[in-house]
Colleague: 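Handing you a structure now.
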Amino acid sequence: MSRKDSEDEGIIQFDEDDNQQDNQNTTSAKQQPIKIRKESEDEEIIHEPGMQQINQQEQELTKYRLNRPKTSGQEMKIKQSEQSQNQFEQIQQPREHQSEESSNNTEEREEHNQSIINLQSEMGEQVEVDDIDQQVQPQSLQLQRIEDNDQQPQSQEIQLSQQQPPQSSNTQRHVTVNPFPQKLEIDYVRDQMKGQDKGRQFLTTPLKENRTLQCYIKRDKSGLARLYPVYHVYTTDGDVYLFSAKKVVMNTSSNYVISMEKKEFSTRKPCFLGKVRSNFLGTEFILWDEGKNFKKCKDTTLIRNQLGVVYYESHIMQNKCPRKMKVLLPKVGEMNIPKMFQPLHDKEGIQYDYQYNKRDFIEEFVNKPPRWDTKMKAHVLNFYGRVDQPSVKNFQLVKPDNHQFIYLQFGRVDDLLFNVDFCFPLSPLQAFQICVTSFDFKFACE
């Protein structure tokens with residue numbers, strides 16, 4: 001701050017500290033205002049001698065403060081300030097870039113709108129700028145969505161690859177090859193079914209080894225058979241008729257008659273092939289041939305033989321779960337002839353020999369347990385394209401110690417058709433009888 005005195009020879013200039021004190025004194029005491037004039041470059045500047053020493057001391061102190069070593073706290077503050085400044089610059093740069101892009105876009109849009117206005121004004125149409133903005137904006141939005149969609153699949157694939165767990169050994173062991181042997185020639189089947197006696201021998205004899213017979217069962221519910229359906233069996237190739245089954249009416253337990261005729265089910269006719277009889281609960285089914293009950297026949301040569309026993313596990317007082325089957329069949333010996341089980345008393349037969357561990361001549365089979373599918377939330381089995389609909393009746397018979405080779409499979413195609421595939425050591429009659437047990441209602445299993 002400078003002050004003019006007419007009597008003094010020169011101009012006196014005060015330092016900033018003295019100026020601050022003068023300002024405080026002027027504000028407090030409300031002294032008269034001091035006139036200030038601008039200094040010219042040619043005028044001499046004269047300092048007071050005391051103020052020059054004070055300025056030198058202050059400069060030395062500032063140099064000492066700058067040169068002395070800094071503490072850790074001061075260094076941390078300096079680093080933080082530098083980091084915050086860098087972050088601010090990084091944030092500010094994209095904003096400036098975006099502002100430049102937006103300004104460019106707005107300029108382009110205005111030019112485009114102006115061109116549209118000029119074009120339509122020449123045609124004699126009046127268009128508002130807001131309407132044009134609404135027409136132009138969706139194009140930019142669509143392009144952005146397309147770009148996002150192009151980027152999304154890669155990110156989604158990465159997320160799926162991270163979320164999917166590694167495949168287990170069970171999924172890697174999935175069998176894709178049909179485990180059944182080669183199909184039986186249809187000409188051979190047609191030739192065997194030409195005569196009644198010849199057909200009986202073919203139906204009651206175990207199938208050829210290393211061969212599979214594919215059939216289908218047609219359920220007939222027409223007319224009076226609505227309550228008690230009739231089941232007819234045909235070969236898949238050639239539609240060769242084999243036999244039929246019908247449930248006996250007015251009986252305390254389930255009893256099915258199997259015949260070589262579609263409409264004749266009398267046990268006294270030569271077309272009669274065998275029976276399937278169950279207990280009251282439906283947990284045990286016994287397979288018989290065309291012979292007679294030992295209680296009603298004195299001739300031992302006419303007494304019936306057991307062809308097998310089928311057990312179903314009871315589910316009374318339990319949660320619903322897939323059926324569990326166990327099938328016991330006579331073992332096939334030399335010359336393709338199975339062991340004969342001809343009970344002459346109540347406590348004789350396959351079921352009692354198995355119960356008393358006399359199992360040398362008994363073949364044991366079980367149904368293959370289905371696996372739980374987490375996606376479908378149901379139990380599933382691989383039927384190799386032979387089954388189309390889920391059903392509690394579907395099953396596959398395997399050995400207890402080997403679940404890979406399937407001896408018999410049965411499954412639903414639609415409401416009235418079911419497919420059956422079987423191979424040695426089962427005979428066509430035994431395979432059909434086992435499938436009939438699956439059709440029957442089971443009080444203790446449903």
Side-chain angles (χ1 to χ4, degrees), residues 184 186-205 207 213-278 282 285-293 296-297 302 304-308 310 391 393 408 410-422 426-442:
L184 188 65
I186 191 61
D187 294 335
Y188 173 79
V189 177
R190 190 178 285 108
D191 181 66
Q192 294 293 322
M193 292 301 297
K194 284 183 178 179
Q196 190 174 21
D197 295 337
K198 198 173 182 179
R200 179 187 294 272
Q201 185 177 0
F202 169 74
L203 295 174
T204 57
T205 305
L207 206 63
L213 183 59
Q214 292 185 345
C215 306
Y216 67 91
I217 300 174
K218 186 176 180 180
R219 181 164 56 182
D220 185 9
K221 290 184 176 181
S222 60
L224 298 176
R226 182 174 298 176
L227 297 177
Y228 298 94
V230 182
Y231 306 96
H232 307 290
V233 183
Y234 300 86
T235 58
T236 303
D237 298 333
D239 293 331
V240 179
Y241 172 75
L242 300 180
F243 36 49
S244 301
K246 184 180 179 181
K247 189 174 183 178
V248 178
V249 185
M250 302 298 292
N251 206 332
T252 55
S253 60
S254 297
N255 193 357
Y256 292 86
V257 177
I258 300 173
S259 174
M260 296 177 66
E261 298 289 339
K262 294 182 180 180
K263 296 182 180 181
E264 185 61 55
F265 296 98
S266 176
T267 58
R268 299 178 181 179
K269 299 291 182 177
C271 60
F272 173 63
L273 284 177
K275 282 185 178 182
V276 178
R277 192 178 186 91
S278 74
F285 291 82
I286 301 177
L287 317 180
W288 300 100
D289 65 359
E290 74 280 6
K292 296 181 180 180
N293 192 345
K296 300 178 182 179
C297 181
L302 300 177
R304 59 189 179 183
N305 296 318
Q306 278 187 355
L307 301 180
V310 180
S391 176
K393 300 177 177 66
L408 169 65
F410 169 80
R412 171 181 282 180
V413 179
D414 58 32
D415 188 33
L416 300 177
L417 290 178
F418 300 82
N419 279 337
V420 183
D421 302 337
F422 62 94
L426 278 77
S427 66
L429 179 60
Q430 287 175 322
F432 182 44
Q433 287 175 324
I434 295 170
C435 295
V436 168
T437 64
S438 184
F439 281 116
D440 189 62
F441 177 79
K442 302 162 187 62

Colleague: Are the side chains of V420 and V233 in touch, meaning some heavy atoms are under 4.5 Å apart?
Modeller: no
Colleague: Quick check: closest heavy atoms across M193 and L242, and the distance to 0.1 Å?
Modeller: CE-O, 3.8 Å
Colleague: Taking it one step at a time, do K198 and D191 satisfy side-chain contact (heavy atoms from CB on, under 4.5 Å)?
Modeller: CA-CA 9 Å; K198 198 173 182 179; D191 181 66; 3.3 Å; yes
Colleague: Please table the atom pairs, donor to acceptor, closer than 3.5 Å between any side-chain atom in residues 267-274 and protein atoms at least two apart or in another chain.
Modeller:
none

Colleague: So which of K247, R277, K393 actually passes salt bridge (charged side-chain N to carboxylate O under 4.0 Å, His left out) with D440?
Modeller: K247
Colleague: Stepwise, does the side-chain contact (heavy atoms from CB on, under 4.5 Å) test hold for Q214 with D421?
Modeller: CA-CA 5 Å; Q214 292 185 345; D421 302 337; 3.3 Å; yes
Colleague: How long is the span from the CG atom in D289 to the CG atom in N305, to the nearest 0.5 Å?
Modeller: 4.5 Å
Colleague: Is F432 close to Y256 at the side-chain level, that is, under 4.5 Å between some pair of heavy atoms?
Modeller: no
Colleague: Between D239 and Y216, is any pair of side-chain heavy atoms under 4.5 Å apart?
Modeller: yes
Colleague: Locate the shortest heavy-atom distance separating I217 from C435; write the atom from each residue and the value.
Modeller: CD1-CB, 4.1 Å
Colleague: When you compare the side chains of T235 and D237, does any donor N or O come within less than 3.5 Å of an acceptor on the partner?
Modeller: no
Colleague: Between D197 and R200, does any NZ, NE, NH1 or NH2 come within less than 4.0 Å of an OD or OE carboxylate oxygen?
Modeller: no
Colleague: Measuring only between side-chain heavy atoms, which start at C-beta, is F202 closer than 4.5 Å to V189?
Modeller: yes
Colleague: I need the minimum non-hydrogen distance between F243 and P428, along with the two atoms involved.
Modeller: CZ-O, 3.4 Å
Colleague: In Å, rounded to the nearest 0.5 Å, how long is the span from OG of S259 to NE2 of H232?
Modeller: 10.5 Å
Colleague: From F441 CZ over to S254 OG, what is the distance, rounded to the nearest 0.5 angstrom?
Modeller: 9.5 Å
Colleague: Rounded to the nearest 0.5 Å, what separates atom CG in L287 from atom CD in Q430?
Modeller: 7.5 Å
Colleague: Between F439 and F418, does the ring centroid distance fall short of 6.0 Å?
Modeller: yes
Colleague: Given the rule in the side-chain contact (heavy atoms from CB on, under 4.5 Å) test, do V230 and F265 qualify, once you have shown the distances and angles that lead to the verdict?
Modeller: CA-CA 10 Å; V230 182; F265 296 98; 3.7 Å; yes
Colleague: Nearest 0.5 Å, please: how far is CG in L307 from OG in S427?
Modeller: 6.5 Å
Colleague: What pair of heavy atoms forms the shortest contact from D220 to S222, and how long is it?
Modeller: OD1-OG, 2.7 Å
Colleague: Could you check whether any side-chain heavy atom of D415 comes within less than 4.5 Å of a side-chain heavy atom of R219, counting everything from C-beta outward?
Modeller: yes
Colleague: Between Q306 and W288, is any pair of side-chain heavy atoms under 4.5 Å apart?
Modeller: yes
Colleague: Please find the pair of heavy atoms, one from F410 and one from S438, that lie closest to each other, and give the distance.
Modeller: CE2-OG, 3.9 Å
Colleague: Are any non-hydrogen side-chain atoms of K218 and L417 less than 4.5 angstrom apart?
Modeller: yes
Colleague: C297 and K292: which non-hydrogen atoms are nearest, and at how many Å?
Modeller: CB-CB, 4.1 Å
Colleague: Just wondering, more than 12 heavy atoms not from E264 lying within 6.0 Å of its CD?
Modeller: yes
Colleague: Does a side-chain heavy-atom distance below 4.5 Å link L203 with Q192?
Modeller: no
Colleague: Say you draw a straight line from CG of L429 to OG1 of T205; how long is it, rounded to the nearest 0.5 Å?
Modeller: 10.0 Å
